[in-house]
Structures are given as C-alpha cells and as structure tokens.
Number of protein chains: 2
Amino acid sequence: MKIATWNVNSIRIRLEQVIDWLSKNPVDVLCLQEIKVVDAEFPRSPFEQLGYHLYLSGQKSYNGVALISRQPLVDVSNGFTAFLPKLQPEWDEQKRVITGVIDKIRIVNLYVPNGAAVGTEKYEYKLRWLKVLREYLQLLLLSQPAICVCGDFNIALEAKDIHEQVSTNNHIMASELERQALRDILTLGFADAFRKFTTEGGHYSWWDYRAAAFRRNLGWRIDHHYLTPVLYERAKSCIIDVAPRKLTQPSDHVPVIVEF
Amino acid sequence: MKIATWNVNSIRIRLEQVIDWLSKNPVDVLCLQEIKVVDAEFPRSPFEQLGYHLYLSGQKSYNGVALISRQPLVDVSNGFTAFLPKLQPEWDEQKRVITGVIDKIRIVNLYVPNGAAVGTEKYEYKLRWLKVLREYLQLLLLSQPAICVCGDFNIALEAKDIHEQVSTNNHIMASELERQALRDILTLGFADAFRKFTTEGGHYSWWDYRAAAFRRNLGWRIDHHYLTPVLYERAKSCIIDVAPRKLTQPSDHVPVIVEF
DNA sequence: GAAGTGGTGG
DNA sequence: CCACCACTTC
C-alpha cells in the first residue's frame, strides 16, 4: 500500500501534471493540498477514468484538500468538528482537514496554516490550529491504532530539513514555538516515516518559486507522513519524488510517497 | 514585396507564434496591432535576429502598433499629429497609428477603435476617430501616390464579410455610420486589395474567442489593406492565412498578406 | 514567482 | 473567452 502527499498549488492549473504523475505512480491513496477550488468545480473525471474515488473538501481561491483513492474509503469526514463537535465551527471554514479509512488504516490529510511570519496574527492562528489538531488526533487515536497523518505541515522540524543560509531560529516554518507544537503532537505516538529510512539532511519537498530556489536547491522538507507505531513498523520506504519540480509550470511542492 | 497585417492581441503572449509565422512567411513588412506593451518592453531581439527593423508605438495594457520591416523604413512617424500638428494631442494618447515609407510606398498601420456598442461613448469616439483618420490620409495623399493603409479596422463593409446569424444593421463593426465613415475615407482614392482577387463571401480575419466562434466559423473580415490606384494595379495577391487561429492560445485575428 | 480574486476591454 | 490591471497569499 502506497500513500502519497502532494501540495499541488491549484488542481486546475496542475491537472495534467498530476494525472500524468498518477498514471506512472499508481499509488493507493493520493492526498492533495491547496486544490484551490470548490468541490463542484474539481476536475473529477480524469481521476475517475484512472479508476480512483474522490473525497473533496475544497474552497474558493485558498486551501482545500482531497483524498484520491483506488479503493473506496470508509468513515470519510471533513474538518476538525467531525470528531470535535464542541469546537467552534469557524475552525472548519478554511478547508484544511480530510480523513478516511482504508484497510483499517486511517489517513489524515492536512494542510497546516502557513503562518506568514513569526509574530503575526497568522502565526498565532497557526499555533492555535496546531493545538486543535493535537486534540483532534488524540481523539482519533482512541479508536484507531493505525493512523497515517500526512500533508503539508509548513514546518521543518530539524536544521537538516532546511537548506543552509536561513536564520533557522525565528523563520516561519522553523520557529521554536511551531516546532514545539508539532513535537507535542508527535509525542501522542507518531513518528516520521521519512526518517526511518534516511538520516542525512539535504532532502527537501518544497522550494520557493522565488530567487531560483529550486535551481540552487534552497529547499525545505515540510511535507510529511507521521505514523503510529504499528504502521511505522510496517513502513517499507518513504521517497521524495523531485521530478515534477523540474517540469515547466510546476507546483512548488513535490510528492512524498510512503509504502507499507 | 509582401506586406502583412496582424492583430496579435499581446505580443508578449504571442511572441513565439509570431516569430514562428514570420520565419515561415518572411514578408517585407509586418504590421502588428494590439501589441499591448510599452516600447521599452517590446521583445525586440527575436525579430532582429531574423534580420528585421522595428518601429514601435506601444502603450501599457491596450492598443499599440508596430512596423516590422526587413529593410529600414524612412519617414517613420507615430500618431495623427505628425501630419496634423494642429490636432489636439489627446488624439494620440491611444497608440493606434504608425507609418513609414519603403521603396516610395507609404505604409500606414492602424488599429481602429472597437467602439464597444452602437450608441455608446466609445462608438462616438470611433466615428470621430475615423473623421480624423480621413483628414490624416487626405494629407498623406498630397505627397505620396503609393499608399497602403492596413490594419485592424474593426469594420466589415459588406454583409458577405460577416457570417450570417448577426443582426447586421446596428451591430458594432457593421453599423451604417461606421461603414459610411469608412466609405468616406475610401472615396479619397483607396480600394480593398482583398476584393481585387476574391469576390465571394465567407472569408474572415477575426473570430470572437467566445461561443466557439472559430470552430463554428462565425467570423468577420475586419482586417484590411486599402491601396491607392498605383498600388492596387500592382497588387498580385491578397491572402488570409487562417492557420495561426488553429494553434493553442491563438490571437483572435489572423494575418492578411498583400503582395505587389 | 506563481497561484488566486474581481475588474475592464475586446 | 482571453488579454490586461492591481491586489492578496504563500
């Protein structure tokens, strides 16, 4: 079983590249972020023609996540409130969370807020959002031993996940408070699939469009699969596929694929 | 000698297609309209590498005309006021007129205002603009027997120049006042090069981007070469090249080429 | 730098 | 439908 995560930065712009990639990489579940489209306008048929089922939580312009699965998923839900009914519904206005179950494995597909810059209102929102995420995952863990939480976390946990020449202390995606918020989640019982197989640095999943960051390999590893112990044990590989970043008009992120 | 006119609807967007066309169709003078770029940002070098000289009258976002000539042109000028110095300079704020001389033939490259809809302020402006154009051409005729006035006229003179299923009477580009204003110009001593060779209808140079107009061949012939008698006699052919409209991301207009 | 918006122009 | 603008987000 292969589960991929890919922030595509607009599915309408990237459709051809995503379909092409999926044809050549027929993963079992493809988790998309930043689809940037309402559900009614998601280009369903190219995926359905490849034999995939679609589960969408989109919005206009921003955010939006999708689960694209070869087998039908069960227990699919959108947003935090599906498991945290007492939460204020505003937490689900931004479409950043979708989850479903396949073969008794719960997949949680996330698009964590970017946070703009340390100290801004958006940064505070990111930190509060991560606290809600912790509560949400804590609840999921009560009923499910096998969970894969993946997506665009907009956080690089370690210095080796970031190219050098970045002031790693107070940079957004690397600040201590964000990292601590993510570590607080992982201590619930999740481990980074990628780090089971690769210990050295210099492996990235995102390169800024600006300043020729990809050509100079000024990247960040911010797209992750976090696995509960039963799944972490079963993990056979975790691969970052850099190829799509080399195409013309690419997403700024590339797919990351875990295999059990 | 071949002189082509082509409304390219943004030279920056259409650069590759125009260079490709010009390589295969090495006309002596290429008259462009709607280049939509200021002179400093016009992509000069691809044309210069093909051996062409450039004469530009561009503006930001809208309008803009260019003369692209294998031989250097002489007596090049922009706008009406070059020959009508008493005219209010506002008439040349929109860049719609450029002229130059090659082999004692004066080429006048025009982008006539569209006029929006009959009865609007833009329609009135189009009619007034055509009156100024008449004065301008009247003056040119005093010093030059061989004149080719070409470009996007945004007027179809006859019913056969327009696909059927259009209310030809008060439609913009076909209304009686516009047609009369153009006829008043032609009676100064110009004749339609295309109609020297082709009398039947159904030949078009523009198809609306909307409503799949090209696929359904719902076109208009609004791009013209009007010739003084000495040139009209010398004209050997006048061809509309429909091919570029079939490409992806095409201009809504196609090139029209007259040969002397 | 590359997405999105809503607006104008054609 | 396809350009342009200025603006916002990441």
Side-chain angles (χ1 to χ4, degrees), chain A residues 7-15 17 33-38 41 58-64 94-96 111-117 120-123 125-126 152-155 171-173 206-216 218 220 222-223 245 247-253, chain B residues 7-15 17 33-38 41 58-64 94-96 111-117 120-123 125-126 152-155 171-173 206-216 218 220 222-223 245 247-253:
Chain A
N7 178 322
V8 291
N9 187 15
S10 170
I11 187 58
R12 283 177 291 189
I13 295 292
R14 223 70 60 202
L15 179 61
Q17 289 182 32
Q33 304 91 36
E34 284 205 272
I35 57 175
K36 292 187 174 179
V37 70
V38 293
E41 274 146 59
Q59 65 178 91
K60 190 162 85 166
S61 304
Y62 304 117
N63 315 313
Q94 298 182 20
K95 304 305 182 191
R96 298 179 175 278
Y111 175 50
V112 177
N114 169 281
T120 63
E121 174 49 41
K122 284 183 176 136
Y123 181 72
Y125 178 78
K126 181 178 191 173
D152 175 1
F153 284 76
N154 273 314
I155 298 173
H171 196 293
I172 191 67
M173 302 189 291
W206 173 80
W207 298 259
D208 199 313
Y209 282 123
R210 288 162 286 189
F214 182 67
R215 188 183 51 73
R216 303 194 287 155
L218 303 181
W220 294 61
I222 58 178
D223 299 273
R245 187 64 233 244
L247 302 173
T248 53
Q249 246 196 327
S251 171
D252 44 353
H253 296 251
Chain B
N7 178 322
V8 292
N9 189 13
S10 171
I11 187 59
R12 283 177 292 190
I13 295 292
R14 222 71 60 201
L15 180 62
Q17 290 183 29
Q33 303 90 39
E34 284 205 90
I35 58 174
K36 292 186 174 178
V37 69
V38 293
E41 275 146 58
Q59 66 177 92
K60 187 163 88 163
S61 302
Y62 304 116
N63 316 312
Q94 298 182 21
K95 304 306 182 190
R96 297 178 175 277
Y111 176 49
V112 176
N114 169 281
T120 63
E121 174 50 41
K122 284 182 177 136
Y123 181 72
Y125 179 78
K126 182 179 193 173
D152 176 1
F153 283 77
N154 273 316
I155 298 173
H171 197 293
I172 192 66
M173 302 189 291
W206 174 81
W207 298 258
D208 199 313
Y209 283 122
R210 287 161 286 190
F214 183 66
R215 189 182 51 72
R216 303 194 286 155
L218 304 181
W220 295 61
I222 58 177
D223 300 273
R245 187 63 234 245
L247 302 173
T248 53
Q249 246 196 329
S251 170
D252 42 354
H253 296 250

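Quick caveat, the model's predicted, so the values are computed rather than measured. Chain naming here is simple, since letters A, B, ... match the order of the sequence lines and numbering starts at 1 in each.
- Taking 4.5 Å as the limit, some side-chain heavy atom of B:Tyr111 sits within range of a side-chain heavy atom of B:Glu34.
- Going from atom CG of B:Asn7 over to atom P of D:dC2 covers 15 Å, rounded to whole Å.
- A straight line from CG of B:Asn63 to C1' of D:dA3 spans 12 Å, rounded to a whole angstrom.
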Nucleotide N/O of nucleotides 6-8 of chain D paired with protein N/O under 3.5 Å:
{"unit_1": "D:dA6", "atom_1": "OP1", "unit_2": "B:Lys60", "atom_2": "NZ", "d": "3.4"}

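- Of the inter-residue distances, the one linking B:Arg96 atom CZ with B:Gln33 atom CD reads 11.0 Å to the nearest 0.5 angstrom.
- When the C1' atom of D:dA3 is taken as reference, atom CD of B:Gln33 falls 16 Å away, rounded to whole Å.
- Residues B:Gly115 and A:Ser61 both approach DNA chain C. Their nearest nucleotides, taken by heavy-atom distance, put A:Ser61 toward the 5′ side.
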Exercise. Take A:Asn9 and A:Lys36 through the side chain to side chain donor-acceptor pair (under 3.5 Å) test and state the conclusion after the steps.
Key: CA-CA 7 Å; A:Asn9 187 15; A:Lys36 292 187 174 179; 2.8 Å; yes
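- Classification of A:Arg12 and A:Glu41 as a salt-bridged pair holds, one side-chain N sitting under 4.0 Å from a carboxylate O.
- Listed by chain and residue number, nothing satisfies the ring pair (Phe, Tyr, Trp, His ring centres under 6.0 Å) test with B:Tyr123 (two or more places apart in sequence, or in another chain).
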Quiz item: Between A:Asp252 and A:Arg245, does a side-chain contact (heavy atoms from CB on, under 4.5 Å) hold up when you go through it step by step?
Solution: CA-CA 7 Å; A:Asp252 44 353; A:Arg245 187 64 233 244; 3.9 Å; yes
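- Rounded to an integer number of Å, the gap from CD1 of A:Ile172 to P of D:dT9 is 14 Å.
- In this structure, B:Gln17 CD and B:Ile11 CD1 are separated by 10.0 Å, a value rounded to the nearest 0.5 Å.
- Spacing between atom OH of A:Tyr209 and atom P of D:dC10 amounts to 14 Å, rounded to whole angstrom units.
- You can see that DNA chain C meets the heavy atoms of chain B within a 4.0 Å-exclusive cut from C:dG9 to C:dG10, reading 5' to 3'.
- Using a 4.5 Å heavy-atom cutoff, the side chains of A:Ile172 and A:Lys126 are in contact.
- Looking only at side-chain heavy atoms (C-beta outward), A:Gln249 and A:Ile13 come within less than 4.5 Å of each other.
- At D:dA3, one or more side-chain N or O atoms of B:Gln249 fall inside 4.0 Å of OP1 or OP2 (strictly under the cut-off).
- Atom CD of A:Glu34 and atom P of D:dT9 are 13 Å apart (whole Å).
- Between the P atom of D:dA3 and the CG atom of B:Leu15 lies a distance of 14 Å, rounded to the nearest Å.
- In this structure, the OH atom of A:Tyr123 is 16 Å from the P atom of D:dC10, given to the nearest Å.
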